[in-house]
Structure formats: structure tokens, C-alpha cells
Amino acid sequence: MKRKNNTINVSKIIFVVLVFSFFAIVIKLSFVSLASKTDGIDLTAFVENRNTEEEILKANRGSIFSTDGEILAQSINSYTVIAYLSESRTKNPANPKHVVDKEKTAAALAPLLGTTKEYILDRLNTEGKYQVELGTSGKDISTLLKKQIEELALPGISFIESQKRYYPMSTFAPYVVGYAQKNDTGAITGRMGIEAYFDEELKGEDGKTIYQKDAYGYTMPNTTSITESAKAGEDIYLTLDSKIQLFVENGIKEITQNNEMDWLTFTVMDAKSGAIVATGSSPNFNLNTLEGIEKSWLNPLTTYAYEPGSTMKIFSFLAAMENGVYNGQETYLSGNKNIDGSIINDFNGGKGWGVITYDEGFSYSSNVAASNLADKITREKLYNFYASLGFGKKTGMTLPNEASGDIDFTYRTEVATASFGQGITTTPIQTLQALSILTNEGIEIQPYIVEKIVNSETGEVTYQHERTELGQKVNKDNIDKMLTMMYDVVYSGKTDAKYYQANNITLVGKTGTAQIAGNKGYLSGPNDYIRSFAGVFPYEDPQYIVYVSVKKFNGKYKDFAGMVTKVVEEIAKYKNITELIEKVDSNKIITINNYISTETLLSEEKLKALNLNVIKLGNGKYIINQYPQKGKVVIAGEKVFLLTNDAQYKMPNIIGWSSSEVTTLCKLLNINLKTTGYGRVKETSIVEGTDIISGMKIEVTFE
């Protein structure tokens with residue numbers, strides 16, 4: 001009985017405890033539900049912040065390269081300088097995390113950021129801000145400048161990392177390469193040229209990470225995050241050859257420094273494939289600073305449509321041949337011709353050269369000869385021939401804003417003037433496309449500027465250009481006849497075309513001089529012309545087509561023609577198609593022979609005798625690999641790498657080397673390369689003389 005009473009008492013106690021606990025929990029829950037804070041935590045903020053967060057993973061924009069691998073456009077890290085102003089950021093006064101001494105900070109940053117102390121101090125004195133940026137001078141700074149600022153160890157100064165577009169060669173074919181800038185959302189977007197036309201391919205696809213975050217913004221433990229990786233943009237390889245482009249741009253620079261003109265454009269095209277290997281113009285601009293772009297936003301190659309002048313006689317004379325109305329030995333009276341009351345004059349004031357043959361008329365660039373042939377051809381057939389070559393419509397060049405030109409002509413006088421390139425408009429790229437019939441036995445080839453597109457992550461070629469034939473437009477015999485006539489234009493000495501006689505290479509072509517249309521007829525000033533030259537070389541087996549035009553050139557035409565022939569001569573040497581073998585000197589462009597399996601010492605001596613910079617890897621007796629390979633061309637002073645059959649290789653001194661030279665070295669020695677910055681080598685993680693182990697890693701800093 002006693003034991004029973006004890007059991008009942010214990011049970012009552014337990015019951016009371018349970019009831020008390022229950023009410024305590026209810027009270028606590030009620031308090032929590034009603035209170036804004038508990039245990040120092042803002043419960044409302046906690047609930048609001050305990051949600052799904054999506055973080056965008058920015059895709060790397062693809063790069064643009066020349067056909068020989070030079071980087072023309074790339075994305076690089078850039079930084080925005082920020083200053084933390086709130087003292088709440090500092091927990092330990094001995095290690096401040098905010099700007100403590102604003103005067104000192106402003107004075108130290110001003111010279112590095114290229115601004116004044118007062119400018120920075122004004123921002124550091126902003127009231128009520130947790131952090132501030134330091135204005136435009138602190139935006140998009142380089143990795144090198146960031147490092148210099150970090151070395152100052154200024155409390156409260158930090159950086160926000162982003163990317164910007166950088167153009168290592170700055171003024172290299174800017175209208176083709178184009179430029180890209182950040183838009184309002186911070187995304188890099190193409191604004192001109194290839195950057196704009198292939199913006200979708202270059203920009204890639206952003207990724208994202210989805211996760212749960214707590215009140216403090218940290219990832220919630222034991223929760224699942226979902227990540228979709230960013231897909232880097234594709235790399236685009238252009239047809240531009242960096243050396244030929246350099247020849248063209250140097251030529252343009254030289255002629256524009258000493259002569260006045262409205263504009264000039266100069267393009268070189270591979271005669272067999274249609275690849276644009278170089279195209280330059282004046283005015284030009286800097287892709288990094290956009291300095292000079294205000295002078296022209298349009299690419300002369302594709303968007304300038306103007307009256308071509310007498311270069312059009314190449315095609316009107318061919319039209320006569322194709323329609324069976326051309327006899328080169330037939331004679332006519334040169335000088336002038338009356339067509340329905342309008343007088344057509346030859347360029348020498350209508351004097352002409354008496355009774356001459358039509359072949360001679362082409363050499364003299366006779367407008368009367370072209371007009372006579374146009375009468376024989378008829379309007380419809382001349383128009384159809386021009387149209388069949390692509391005049392009057394876009395070529396399909398993968399560049400923005402291509403113009404189509406205008407070849408409409410109806411009346412007899414319009415047909416006559418159209419035969420010598422007045423009253424119609426064409427673009428340089430249309431002319432180059434039409435000229436391709438001269439170098440492909442009458443088959444027209446479509447010009448192009450993009451060689452291939454490559455997946456930047458896998459190296460897979462996603463697009464490879466193939467030669468595009470547009471059909472047989474002219475009989476081969478007529479092409480042979482025209483090339484002979486173009487030879488006579490340059491080498492007969494009858495006109496200013498004689499100034500296009502080049503050294504060591506036979507350049508043939510046709511000049512053009514077109515009046516410039518104004519509001520009330522044609523302009524009549526002494527320089528109010530667009531002068532041009534369309535040519536191919538070498539004559540015996542044309543490999544390149546050149547087209548150059550200039551508006552309102554105020555200088556000696558001999559100098560202008562000399563600029564063109566100098567560029568042609570440089571290309572001929574570079575491509576080893578000169579007709580005379582010159583003695584090797586310091587200015588020689590050299591074709592590399594095969595040195596693999598040869599004795600190292602002997603080959604090294606031969607290359608040094610050619611004024612080349614030999615980088616010998618190892619001390620083996622024989623050469624087992626080389627770069628450049630056999631058949632490639634280099635300019636005197638360039639590096640040639642020789643890998644010998646040594647058992648151990650040592651690191652050479654690479655300070656000052658270019659990125660392409662470092663890449664070549666790493667490929668030959670099987671070194672994994674990681675780079676920072678751009679320009680020339682400043683620092684390297686493997687110093688000179690270090691033994692190289694296959695597969696080892698090297699970090700290289702460029703500036």
C-alpha cells in the first residue's frame with residue numbers, strides 16, 4: 001500500500017513538470033513570434049534573407065587573332081578602386097579595415113591614378129557612405145597598377161575585379177577588328193567590326209549558381225546548390241596577315257604624314273582564295289582609346305560607295321570581248337565624242353592621240369574608246385555584265401553596314417559614262433571581288449575576312465572557311481588578253497600608270513581618276529578627284545590583288561604610286577615571289593630551311609649569318625625540332641628556336657619576350673604556361689638556368 005502511494009506521488013511530479021515545460025515552450029514561441037529581435041538576431045531580416053540567391057557566372061569573351069596567330073583582341077582583368085569609409089568595418093584598431101588617414105591616402109593615390117589629391121579627397125570625404133569609388137580615374141585599372149597600389153598598404157583601399165576588352169596592337173586594322181565596350185548592365189558588347197558582327201559567337205553564355213543564403217548572406221549549411229557553368233565565347237581567326245598588314249599600314253602612314261587627303265583605303269587580297277590579307281585606311285583610330293574615331297565611323301572597305309573611274313574599263317572592255325564586239329586592232333578617232341548633245345572627252349582635255357587602236361585606247365585610258373564599245377555592247381548587256389560580277393549588290397562580307405553601290409543607268413549618255421566608271425558607284429570590296437576573275441581564269445571568287453572560328457575551351461574548329469566560287473564569268477582567253485593589256489598600261493609608259501612599275505616583281509593594273517559629285521554637278525578643284533589603282537602580281541602567275549583609292553590627294557601622284565609599289569615589293573620579298581635573288585642583308589626577309597637532324601653548331605652559324613636571333617635549347621649535337629618550321633618566313637632579327645638532342649634543358653632568360661615567343665618555348669619544352677597581364681615578360685616563376693622537367697608549370701607576368 002505504501003509503495004502504491006509513492007508511485008502516485010512520482011507520477012504527479014512528472015505530470016506537473018511536463019505541463020510547466022509545455023507552457024514555457026508556448027510562451028517562448030509566442031515571444032519569438034511577436035518580437036523583432038531575439039538573442040541579438042533581427043528575426044525579420046533573417047526570415048527575409050533566408051531565400052534563394054542566384055549568382056551570375058560571367059562568360060569569358062572569345063579572342064580575335066590574325067591568321068598567323070597574333071592576338072588582335074582579348075579580354076583582360078581590370079579593377080575598380082574602392083575605399084571603405086565606415087569605421088564599423090574595423091574590429092581591431094591595430095589592423096584597420098577602413099580609410100583612417102584620408103589626406104595621406106589621397107596624396108598617395110593621386111599620382112598613380114593620374115589625378116589630383118583634391119579629386120580623391122573629395123570622394124573620401126563623402127558623408128554617410130559605407131564605401132565609395134574613386135571616380136573615372138579609379139576605373140578599369142590594369143593588374144600592374146593594382147599591384148602598385150597594393151604595395152602602398154593603404155588601410156581601407158580595395159578593388160572590384162572585372163574584365164575589359166584590350167587590343168594589343170591598338171591601331172591594327174581597327175575598322176575590321178572593331179571594338180567592344182561594357183553596356184549599361186556591365187556586359188561587354190561589340191560596337192563595330194568583327195566585334196559587332198560576331199558578338200553572339202564571341203560573348204559566350206553566362207552561367208549561374210543557385211543557393212540558399214542566411215541573414216548574413218552566407219550559404220546555408222546542408223543545403224544543395226545548383227551550378228550551370230559559363231560557356232566561354234569562341235575565338236575568331238581573321239585572314240589578316242600581321243606582316244602584310246604592317247607593310248600596308250606603314251605605307252599609309254608614310255604617305256599621309258607628307259600629303260593631305262580626305263581619305264585613303266588600301267587592301268590586299270589573296271588572288272586564289274579571296275582572303276583579305278591586309279586592309280588599311282586613313283583616317284585611322286586607336287581601338288583602346290578610340291582616339292581618332294570621330295573622323296569616321298565607317299569601314300572604307302565595305303561602306304564607302306563612290307564613282308570608281310577608269311578602273312571600271314577593265315570590266316567594260318571585258319564585256320565587249322564577251323559579247324564579241326571587241327577587236328583590239330580596230331582603230332577609232334580619239335579625243336572627244338558627242339552623244340545626244342553631251343560631249344565625252346578623253347582625260348587630256350579632249351585632245352586625244354589621233355587615230356589609235358582600241359588596245360592603245362585601253363593603255364591611254366581613253367573614255368572615247370570605252371564609250372564606243374558601250375554603244376556596241378548596248379545598255380542591257382553592259383548592265384547585265386556588271387551585275388553578274390556583283391556590282392550593285394552586297395558581297396556578303398562578314399562586316400557590319402556593307403553598302404551595295406548603284407549601277408543603274410538608262411540613257412545613252414549614262415551608258416557611256418558607266419563604261420568608264422562615272423555615274424555609277426561601287427565599293428572597294430566589290431571591285432576586289434570582280435578583279436578575282438583575272439587571277440582565276442575567269443572564275444569569280446567571293447572575298448572573305450574570317451578564316452575560322454574555334455571553341456576556346458576545347459580547340460574544336462566550329463567553322464572553317466572554304467573557297468567560294470561564284471561561277472565562270474569570263475572566258476579564259478579574254479582574261480589572258482586583259483592581263484596583257486594591263487601589262488601594257490603599266491609598262492608602255494603612256495600615262496602616269498608607269499609609276500606603278502615595281503622592282504623585282506611585275507605588277508600590272510589599271511589606274512582610275514573619277515570626278516567627285518557635288519550639289520550642282522561635279523566639283524572642279526585641282527584635287528577634286530578620287531584616284532585609284534587596281535592591280536595584280538606577279539604578272540606571270542598572280543598571287544595577290546591590290547586595290548587602293550584616295551580622295552582629294554594633294555601631292556605628287558608619283559609619290560602615291562611609289563607608296564603602293566613599295567608595299568608590293570615588301571610583300572613579294574616576304575612571300576618569296578621576287579623575280580631577282582638579292583644578296584642577304586639586314587633588311588632581308590628570310591625563308592626558313594629545314595634544320596632538323598642537322599648538326600647544331602653548323603645550323604646555328606648559318607642562322608646567325610642571316611642576322612637571326614637563335615634560341616638554342618640544350619647542348620645536344622643534333623637538332624630534333626625547330627620553330628618556325630621549314631618554308632615559313634621571318635624578318636631579320638626575329639627569334640628562331642632550335643631544340644637539340646640534349647638529355648637536360650635549362651630555362652633561358654625570357655624577360656622582355658612577347659607572349660607568342662613564350663608560348664613557342666613552352667610548347668617545345670612541354671611546359672604548362674599560366675600568364676598574367678599583357679605585353680612583354682616582366683616576371684617569371686622559373687628563373688634563368690633552372691633545369692626543365694617535362695610537364696612542369698611556369699607562371700609568367702607580362703606588362
Cationic N near anionic O, under 4.0 Å, [X] to [Y]:
X      : Y      : result
Glu249 : Lys253 : no
Glu661 : Lys639 : yes
Lys575 : Asp241 : yes
Lys182 : Asp140 : yes
Glu133 : Arg123 : no
Arg467 : Glu469 : yes

| field | Donor-acceptor under 3.5 Å (Ser170 side chain, Leu287 main chain) | value |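 Flag not set: sc Ser170 to bb Leu287 has no pair under 3.5 Å.
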| said: Quick one: does any side-chain atom of Ser436 pair with a main-chain N or O of Ile445 as donor and acceptor, under 3.5 Å? | reply: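 Here the side-chain-to-backbone pair exists.
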| request: Quick one: do Asp528 and Lys551 satisfy salt bridge (charged side-chain N to carboxylate O under 4.0 Å, His left out)? Show the steps, please. | output: CA-CA 8 Å; Asp528 287 334; Lys551 182 179 181 181; over 6 Å; no
| said: Is it the case that the side chains of Tyr167 and Glu195 hold a donor-acceptor pair, with the cut-off being a distance below 3.5 Å and no angle test? | reply: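 Yes, side-chain donor-acceptor contact under 3.5 Å.
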| message | Below 30° counts as parallel, above 60° as perpendicular, anything between as tilted: where do the rings of Phe560 and Phe553 land? | response |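 Taking Phe553 first and then Phe560, their aromatic rings sit tilted (interplane angle of 30° to 60°).
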| request: Fit a plane to each ring of Phe65 and Tyr237, take the angle between them on a 0 to 90° scale, and name the class: parallel (under 30°), tilted (30 to 60°) or perpendicular (over 60°). | output: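 Phe65 and Tyr237: parallel rings.
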| query | By ring pair (Phe, Tyr, Trp, His ring centres under 6.0 Å), which residues pair with Tyr119, not counting sequence neighbours? | reply | none
